[in-house]
Peer 1: 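Pasting a structure below so you can have a look.
Quick note on labels: first sequence line is chain A, next is B, and so on, each numbered from 1. Here the structure is a predicted model, which is why all the values come from computation and not from measurement.
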Protein chains: 2
Amino acid sequence: MEECCFREDQELCIFYSSRLLELIMKKYTYAILVVLDKYGKLRFNEIQRKILGLTQRTLSIRLKELEKVKLIKRVVEPSEPVKVYYTITTEGKAVKNAMQILVSLANLLDNNKDAYLC
Amino acid sequence: MEECCFREDQELCIFYSSRLLELIMKKYTYAILVVLDKYGKLRFNEIQRKILGLTQRTLSIRLKELEKVKLIKRVVEPSEPVKVYYTITTEGKAVKNAMQILVSLANLLDNNKDAYLC
DNA sequence: CCGTATCCCTTACGATACTG
DNA sequence: CAGTATCGTAAGGGATACGG
């Protein structure tokens with residue numbers, strides 16, 4: 001997880017993975033960042049409805065993970081009843097944009113013509 | 001896997017995942033692309049020795065997956081005995097570079113100071 | 001509406017041993 | 001050297017049901 005890979009002469013160091021990178025690569029992470037970036041702020045069920053196949057369970061887990069590393073922010077509106085919103089942070093936008101390059105490239109190279117991004 | 005995510009009005013389409021993207025995100029994929037890019041061509045055991053923690057089994061699987069999608073190339077040198085080399089393709093370099101942005105960003109944002117990239 | 005808990009299945013991957 | 005085969009464990013995530 002936090003391991004480093006060294007060449008015999010200790011010159012090259014490749015970090016093949018980090019906790020954040022692993023989170024970024026998990027299913028639906030990118031989709032969540034995209035919808036939050038597009039819509040500014042969304043409620044739990046709004047996010048779920050916008051992303052096909054995303055279950056409440058996975059959304060719940062993913063939101064907590066994303067909030068913990070500050071890629072998104074959980075905002076509780078003190079109304080009656082209370083409303084919970086999620087927004088994307090500046091760091092989240094940076095990650096989303098970097099991901100977008102990779103996703104576009106992957107779709108470009110992917111032989112599977114069903115796989116595309118709009 | 002090849003699913004698309006639609007908003008109710010069918011306007012937004014987010015592709016959260018593709019086979020290629022999943023491969024790119026697998027453990028050691030990035031490390032393999034980096035060493036092949038750095039050294040030009042490498043043999044099976046050379047790659048394994050350069051990447052700490054990478055087992056023969058995983059390397060074998062990953063090389064086949066990467067070759068299949070043409071991010072790397074398997075070259076058999078007709079010598080005696082036969083030598084097998086692996087090289088990175090232009091597409092592989094593009095993916096590696098896109099990944100590098102994300103890895104750098106992840107390391108930058110990662111709170112874990114043990115997690116770094118050199 | 002906003003989640004949490006439980007069950008279960010699939011896949012990734014490490015360890016180890018073996019082969020041409 | 002360049003792999004393959006088998007086994008075991010752990011994590012991801014879908015389905016479903018439940019709670020404040």
Side-chain angles (χ1 to χ4, degrees), chain A residues 1-3 5 8 16-32 35-36 39 41-69 72-87, chain B residues 1-3 5 8 16-32 35-36 39 41-69 72-87:
Chain A
M1 205 78 94
E2 285 91 8
E3 292 170 50
C5 316
E8 310 91 271
Y16 66 81
S17 180
S18 79
R19 255 174 234 299
L20 181 55
L21 200 57
E22 278 168 13
L23 169 57
I24 291 170
M25 297 319 160
K26 281 182 183 174
K27 206 170 171 179
Y28 299 114
T29 296
Y30 177 64
I32 292 170
V35 294
L36 287 181
Y39 294 100
K41 65 175 190 177
L42 288 175
R43 307 184 64 176
F44 188 91
N45 285 335
E46 288 175 328
I47 299 173
Q48 205 211 337
R49 265 181 267 112
K50 289 186 191 304
I51 301 173
L52 187 70
L54 174 56
T55 62
Q56 286 183 318
R57 173 194 141 86
T58 302
L59 178 56
S60 176
I61 294 169
R62 205 62 78 246
L63 286 176
K64 263 187 219 140
E65 292 172 332
L66 287 170
E67 195 203 352
K68 195 175 173 189
V69 297
I72 66 169
K73 208 179 158 198
R74 186 175 187 271
V75 184
V76 182
E77 215 173 72
S79 53
E80 194 56 46
V82 185
K83 287 181 181 178
V84 181
Y85 288 100
Y86 293 90
T87 57
Chain B
M1 205 80 91
E2 284 92 10
E3 289 168 51
C5 316
E8 310 87 276
Y16 66 82
S17 183
S18 77
R19 255 174 235 297
L20 181 56
L21 201 56
E22 279 169 11
L23 169 57
I24 291 170
M25 297 320 161
K26 281 183 183 173
K27 207 171 171 180
Y28 299 113
T29 297
Y30 177 64
I32 292 169
V35 295
L36 286 181
Y39 295 99
K41 65 176 189 177
L42 287 174
R43 306 182 64 175
F44 187 90
N45 285 333
E46 288 175 330
I47 299 173
Q48 203 211 339
R49 266 182 265 113
K50 288 184 192 308
I51 302 172
L52 187 70
L54 175 56
T55 61
Q56 287 183 318
R57 176 194 138 84
T58 302
L59 177 57
S60 176
I61 294 169
R62 203 63 77 248
L63 286 175
K64 262 186 219 141
E65 292 172 334
L66 286 170
E67 194 202 352
K68 195 174 172 188
V69 296
I72 65 169
K73 207 180 160 200
R74 185 177 186 271
V75 184
V76 182
E77 215 175 70
S79 52
E80 193 57 46
V82 184
K83 288 181 180 176
V84 181
Y85 288 100
Y86 292 91
T87 58

Peer 1: Tell me whether the guanidinium CZ or amine NZ of B:K41 lies under 6.0 angstrom from the six-membered ring centre of B:Y86 and within 45° of its axis.
Peer 2: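 Not satisfied by the 6.0 Å and 45° rule.
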
Peer 1: Please tell me if B:R49 has a side-chain N or O lying less than 4.0 Å from either OP1 or OP2 of D:dA2.
Peer 2: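 Result: no.
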
Peer 1: If you round to the nearest 0.5 Å, how far is CE of B:M25 from OH of A:Y30?
Peer 2: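 Here the interatomic distance stands at 11.0 Å.
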
Peer 1: CG of A:L52 to OH of A:Y28: how many Å apart, nearest 0.5 Å?
Peer 2: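 Between A:L52 CG and A:Y28 OH, I get 7.5 Å after rounding to 0.5 Å.
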
Peer 1: Quick one: does A:E46's side chain have a donor or acceptor within less than 3.5 Å of a partner on A:R43's backbone?
Peer 2: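 Side chain of A:E46 to backbone of A:R43: a pair is present.
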
Peer 1: Output the rounded distance in Å from CG (B:L59) to C1' (C:dC13).
Peer 2: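 Nearest whole value for this atom pair: 13 Å.
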
Peer 1: Let's see if you can work this out: which of D:dA15, C:dC2, D:dT6 has an atom nearest to the side-chain heavy atoms of B:R57?
Peer 2: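 Looking only at heavy atoms from C-beta outward on B:R57, the closest nucleotide is D:dT6.
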
Peer 1: B:I32 has an atom CD1; how far is it from atom P of C:dC13, in whole Å?
Peer 2: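 For the pair B:I32 CD1 and C:dC13 P, the rounded distance is 10 Å.
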
Peer 1: Nearest-Å distance, CD (B:Q56) to C1' (C:dT19)?
Peer 2: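 Going from B:Q56 (CD) to C:dT19 (C1'), I get 12 Å.
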
Peer 1: Does A:K27 place a side-chain N or O at less than 4.0 Å from the phosphate oxygens OP1/OP2 of D:dG14?
Peer 2: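 Checking A:K27 against D:dG14: at least one side-chain N or O falls below 4.0 Å of OP1 or OP2.
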
Peer 1: For D:dA17 versus C:dC2, give the span between their C1' atoms, rounded off to a whole number of Å.
Peer 2: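 One C1' to the other, the span is 15 Å.
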
Peer 1: Looking at D:dG3, I'd like to know if its phosphate oxygens (OP1 or OP2) sit under 4.0 Å from a side-chain N or O belonging to B:Y86.
Peer 2: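 Checking D:dG3 against B:Y86, a side-chain N or O does come within under 4.0 Å of OP1 or OP2.
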
Peer 1: Can you tell me how far C1' of C:dT11 sits from CE of A:M25, to the nearest Å?
Peer 2: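 That distance rounds to 19 Å.
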
Peer 1: Can you find a side chain N or O atom of B:T55 that sits less than 4.0 Å from OP1 or OP2 on C:dG14?
Peer 2: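 Answer is yes, contact under 4.0 Å.
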
Peer 1: Between B:K64 and D:dT4, does any side-chain N or O lie under 4.0 Å from OP1 or OP2?
Peer 2: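 Indeed, a polar side-chain atom of B:K64 lies that close.
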
Peer 1: OP1 or OP2 of D:dC1 sitting under 4.0 Å from any side-chain N/O of B:Y85?
Peer 2: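 Checking B:Y85 against D:dC1: no side-chain N or O falls below 4.0 Å of OP1 or OP2.
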
Peer 1: Taking NZ, NE, NH1 and NH2 as the nitrogens, is one of them in A:E65 or A:R62 under 4.0 Å from a carboxylate oxygen of the other?
Peer 2: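 Here A:E65 pairs with A:R62 in a salt bridge, since their nearest N and O are under 4.0 Å apart.
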
Peer 1: Is the phosphate of C:dC2, meaning OP1 or OP2, less than 4.0 Å from a side-chain N or O of A:R43?
Peer 2: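 A:R43 to C:dC2 OP1/OP2: side-chain N or O found under 4.0 Å.
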
Peer 1: Quick check on D:dG12: is either OP1 or OP2 less than 4.0 Å from any side-chain nitrogen or oxygen of A:R62?
Peer 2: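 Answer is no, no contact under 4.0 Å.
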
Peer 1: Judged by each residue's nearest nucleotide on DNA chain D, which is more toward the 5′ side, A:T58 or B:S60?
Peer 2: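 Going by which nucleotide is closer to the 5' end, it is B:S60.
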
Peer 1: Just N and O in the side chain of B:K26: are any of them under 4.0 Å from OP1 or OP2 of C:dC13?
Peer 2: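 For C:dC13, OP1/OP2 do not have a side-chain N/O of B:K26 under 4.0 Å.
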
